[in-house]
Amino acid sequence: MKKIKIAPSILSADFTRLAEQIQMVEQQGADWIHLDVMDGHFVPNISFGPVVIRWIRKMTDLPLDAHLMITEPERYLADFQRVGVDILTVHQEACPHLHRTIQQIRKLGMKAGVSINPATPVQTLEEILPEVDLVLVMSVNPGFGGQEFIKSSLQKIRKMSQLIRSVDRPIYLQVDGGINAEIVPDVLASGADVLVIGSAIFAASDLCQAYQRITERVKKYQMV
Ligand code: DX5
Ligand code: ZN
């Protein structure tokens, strides 16, 4: 069994104490730091971009996992590489020339990921799968932290996991949106191996305690 990874999403973090909060999740064993980049076009919200990520790069040595919720992501790939992003994920819905975009990400030396919105079928990724390092199944409509997990995503994760198993290369199956300690076992049982978790960690009154509730569930799942 692949080791399950946790990628805390800093979207819900307290940016006045960002370095401290990143250090806290790092001490709790976080594997990657998930960065939600939003442009107000592809999604109805605006977050941050390379200028801010350049500072985040100085706060941690963990791999930076950037999730681009932006139109025309191909215009900014080199910018994200320059500020130290390790894994760069674009949305299938934002890329008419997805194959080219994925090739460009890999050529820049980053791992390449592709994401799909809740209404996009997994089959739309069949042809690109052999080219990617990561698939991100959105379990909420992207744009905001703190939304409720869409239950039908579990079935979709299962389908995606099957599709990935038919490809002869390691591909991470990442799930993002509405994940809390309660839903973790179901998400893992469906085949996910990277959990993006935002508000369940950063909006909790006790960050460390909240993180531990999640890792307990992950460990328990890995033991059975
Ligand atoms: C949603 C983002 C998520 C979000 C997750 O558009 O892609 O990464 O920050 O936050 P929660 O865990 O609160 O749904
Ligand atoms: Zn995300």
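Note that ligands are numbered from 1 as they come in the structure, with each ligand's atoms numbered from 1 the same way.
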Hydrophobic cluster membership, I4 vs I157, 4.5 Å side-chain cutoff: yes
Cationic N near anionic O, under 4.0 Å, K3 to D31: yes
Set of side chain to side chain contact (heavy atoms under 4.5 Å, CB included) partners for A189, sequence neighbours left out: Y221
Sidechain-backbone polar pair: S47 side chain, M38 backbone, donor-acceptor under 3.5 Å: yes
In one Ile/Leu/Val/Met/Phe/Trp/Tyr side-chain cluster, 4.5 Å: L125, V132: yes
R57, CZ: over 12 other non-hydrogen atoms inside 6.0 angstrom: yes
Under 4.0 Å from ligand 1 - residues by heavy atom, chain and number: S9, L11, H34, D36, M38, H67, M69, M138, P142, G143, F144, G145, G146, D176, G177, G178, V196, I197, G198, S199
Pairs involving residues 161-211, ordered by first then second residue, that meet ring pair (Phe, Tyr, Trp, His ring centres under 6.0 Å) (sequence neighbours left out): W32-Y172
salt_bridge(D133, R169) N-O dist < 4.0 Å: yes
Flag, side chain of K111 to backbone of T89, donor-acceptor distance under 3.5 Å: no
Under 2.8 Å from the Zn ion (ligand 2), the protein N, O or S atoms, given as residue and atom: H34 NE2, D36 OD1, H67 ND1, D176 OD2
